[in-house]
K.L.:
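Below is one structure. I have some questions about it.
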Amino acid sequence: MKIIKIFLILSLVLSFGLSVDPGYAQSADQKVRVKIFHDAPVFIVVIKGDYTVREYKSDRILNYGKKLKAKVAGYKGGILLAGRYLAANNVFIKPNGPEEPIEINGKRFKGGLQVIKRDGVTLSLINHLRLEDYVKGIAVRETSHYWPIETLKAEAVVFRTFALYRAEQFKNKEWDVSDDVFSQVYGGMEAERYRITEAVDATKGEILQFDGKILPAFYHSTCGGATEDASVLWDIDLVPLKGVACGFCKDSPHFSWKTTVSKEKIRQLWEKNGQRIKKINEVVIAGRDKSGRVSNLDIVTDQKDIEIAAKDFRNMIGPDIIKSTNFKINASSSDITFEGFGWGHGVGLCQWGAYFMGKYGSDYLKILDLYYPGSNLTKLSE
Ligand SMILES: [Zn+2]
């Protein structure tokens with residue numbers, strides 16, 4: 001209960017609007033299901049201590065023992081494990097000791113492993129692990145463990161919240177998150193680092209909520225001066241995600257960028273997306289939203305003018321080439337030069353802004369309050 005007192009004092013003194021609601025229904029023991037391999041024909045699993053293999057849905061024990069070092073593959077009637085034919089298409093392999101890792105193709109993971117056999121004989125591997133362990137595993141890929149501790153704490157809350165948001169969204173699917181850039185990049189136990197573990201432990205179970213629901217705590221590298229309103233990009237209209245001014249990321253290495261793309265290249269990419277154009281004459285900014293980002297563009301061709309949303313245009317050219325939709329355009333006869341600010345979609349936490357806030361002495365509550373105004377910090381029950 002110590003932590004609640006600390007928060008109450010902080011919110012009184014600094015009027016952050018952040019408070020703790022300990023009565024949240026989900027618990028800190030919440031599991032996250034991470035898809036780690038898809039369409040794997042065969043893999044090697046190693047468990048050094050006691051283990052159990054169960055049928056996933058019925059919980060029926062299929063196999064158990066001490067020390068597992070096995071080749072796992074699919075066969076017509078089920079899953080082949082260490083030379084034994086298990087008549088099941090969905091199994092769960094788990095070390096009996098709660099802290100005992102499971103090694104999959106040489107990489108160590110916490111928790112257990114669900115193996116689903118697909119049509120044919122390929123396998124999907126889904127790692128089930130505690131939310132806290134998942135946050136430790138992804139944080140090192142999504143941030144730098146050299147960053148200020150208060151920044152890392154703010155990020156730990158954000159990563160945890162975002163993982164729970166995804167888990168809620170995908171609860172009826174086979175997994176909550178995948179270990180690639182489409183959700184958060186998860187690296188297993190090898191990815192854990194001391195200072196990140198410290199930041200995750202210091203904020204254990206803390207998540208952001210708004211209006212009694214888990215906040216979709218989006219984040220990005222650098223906003224470039226102002227964060228984006230989520231409703232511009234997605235069907236998410238929430239007070240904490242309406243966009244704020246950020247005066248902290250000016251010294252981010254991604255604050256400004258410049259790139260030149262030929263009109264012919266744009267034409268080719270457009271064609272790849274299924275629309276035939278003979279020649280692009282101009283690319284014109286057709287509108288900006290209140291954060292200053294481009295909302296749509298007019299592509300002037302020799303046949304007709306085509307309007308496209310800036311986010312779709314960015315995805316078509318490549319989100320790492322057009323780093324944000326906050327840009328201006330300079331054109332020559334053959335090329336378009338984009339000069340822009342920031343990197344990423346711009347919604348929620350600006351990570352480089354959070355870095356400089358932490359560096360200049362802000363604590364994590366102040367960081368979260370700037371980027372998610374009106375949200376509540378809640379602690380999952382133990
Ligand atoms: Zn920023």
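Each ligand, and each atom within it, is numbered from 1 in the order the structure gives.
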K.L.:
Would you find more than 12 non-hydrogen atoms of other residues, nucleotides or ligands less than 6.0 Å from K290 atom NZ?
P.N.:
yes
K.L.:
Is any protein N, O or S atom closer than 2.8 Å to the Zn ion (ligand 1), and if so, which?
P.N.:
C223 SG, C246 SG, C249 SG, C350 SG
K.L.:
Give the table of side-chain donor-acceptor pairs shorter than 3.5 Å for residues 323-331, with sequence neighbours excluded, one pair per line with atom names and distance.
P.N.:
from : atom 1 : to   : atom 2 : distance (Å)
S324 : OG     : N326 : N      : 3.2
S324 : OG     : F341 : O      : 2.6
N330 : ND2    : E339 : OE2    : 3.2

K.L.:
Take V53 and Y64 through the side chain to side chain contact (heavy atoms under 4.5 Å, CB included) test and state the conclusion after the steps.
P.N.:
CA-CA 6 Å; V53 182; Y64 61 92; over 6 Å; no
K.L.:
Tell me, do F37 and V115 make a side-chain contact under 4.5 Å, heavy atoms counted?
P.N.:
no
K.L.:
Could you list all the salt bridge (charged side-chain N to carboxylate O under 4.0 Å, His left out) pairs where at least one residue sits in residues 302-315, not counting sequence neighbours?
P.N.:
none
K.L.:
Which pairs, with at least one residue in residues 79-90 and sequence neighbours excluded, count as a side chain to side chain donor-acceptor pair (under 3.5 Å)?
P.N.:
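Pairs touching residues 79-90 that pass the test: N90-Q114.
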